[in-house]
A.B. asks: 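Have a look at this one.
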Amino acid sequence: MQEQMVTVLIQEQIQQLQQQGLTAVAVLMGHEDWLEFSNQSEVSCTPFGSARLHQSALNNLQLIRVDETRYLQVVTAEQLAEYQCQCADHKDDVS
């Protein structure tokens, strides 16, 4: 991630969605970005079950870790549903 704090980038993305009249529901975050966010938010915990601990730092959005090294995107409910469908489709391809 750039020198900007992850929380600042999240806030900027939330504002962009709001300017478009959209509502953010979740933050998709890759491995490295999650580590940086975890350090910046000064919450020490394991990745498992950490979403509730981080919600205040994420404007009460759901934290979803994605299988990417670098990835940070604030999403709407529709975008989250699309992402979940893509994951389900990919799982079917692997089987």
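Because only heavy atoms are used, hydrogens play no part in the values below, and waters and symmetry mates are left out as well, while side chains stay in. Quick caveat, the model's predicted, so the values are computed rather than measured.
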A.B. asks: In Å, rounded to the nearest 0.5 Å, how long is the span from CG of Asp33 to CD1 of Ile10?
C.D. replies: 9.0 Å
A.B. asks: More than 12 foreign heavy atoms under 6.0 Å from CD of Glu12: is that the case here?
C.D. replies: yes
A.B. asks: Please list, chain by chain and in numerical order, all residues satisfying side chain to side chain donor-acceptor pair (under 3.5 Å) with Thr76, sequence neighbours excluded.
C.D. replies: Gln79
A.B. asks: Look up atom CH2 in Trp34 and atom CG in Leu63, then write down how far apart they are to the nearest 0.5 Å.
C.D. replies: 8.0 Å
A.B. asks: How many angstroms lie between atom CG of Leu35 and atom CZ of Arg65, to the nearest 0.5 angstrom?
C.D. replies: 6.5 Å
A.B. asks: Shortest non-hydrogen contact from Ala26 to Ile64?
C.D. replies: CB-CD1, 4.1 Å
A.B. asks: How long is the straight-line distance from CG of Leu22 back to CD1 of Ile14, given to the nearest 0.5 Å?
C.D. replies: 12.5 Å
A.B. asks: Let me confirm one number: the CD-CG distance from Gln62 to Leu28, rounded to the nearest 0.5 Å.
C.D. replies: 9.0 Å
A.B. asks: Which residues satisfy the side chain to side chain contact (heavy atoms under 4.5 Å, CB included) test with Gln84, sequence neighbours excluded?
C.D. replies: Leu80
A.B. asks: Please list, chain by chain and in numerical order, all residues satisfying side chain to side chain donor-acceptor pair (under 3.5 Å) with Gln11, sequence neighbours excluded.
C.D. replies: Asn59
A.B. asks: Indicate the atoms forming the closest heavy-atom contact of Val25 with Ala77, along with that distance.
C.D. replies: CG2-N, 3.4 Å
A.B. asks: Is any side-chain heavy atom of Val27 closer than 4.5 Å to one of Leu72?
C.D. replies: yes
A.B. asks: Would you please name every residue forming a side chain to side chain contact (heavy atoms under 4.5 Å, CB included) with Glu68, sequence neighbours left out?
C.D. replies: Val66, Tyr71
A.B. asks: Going by side chain to side chain donor-acceptor pair (under 3.5 Å), name the residues that satisfy it together with Gln13, two or more places apart in sequence or in a different chain.
C.D. replies: none
A.B. asks: How many angstroms lie between atom CZ of Arg70 and atom CD of Glu36, to the nearest 0.5 angstrom?
C.D. replies: 4.5 Å
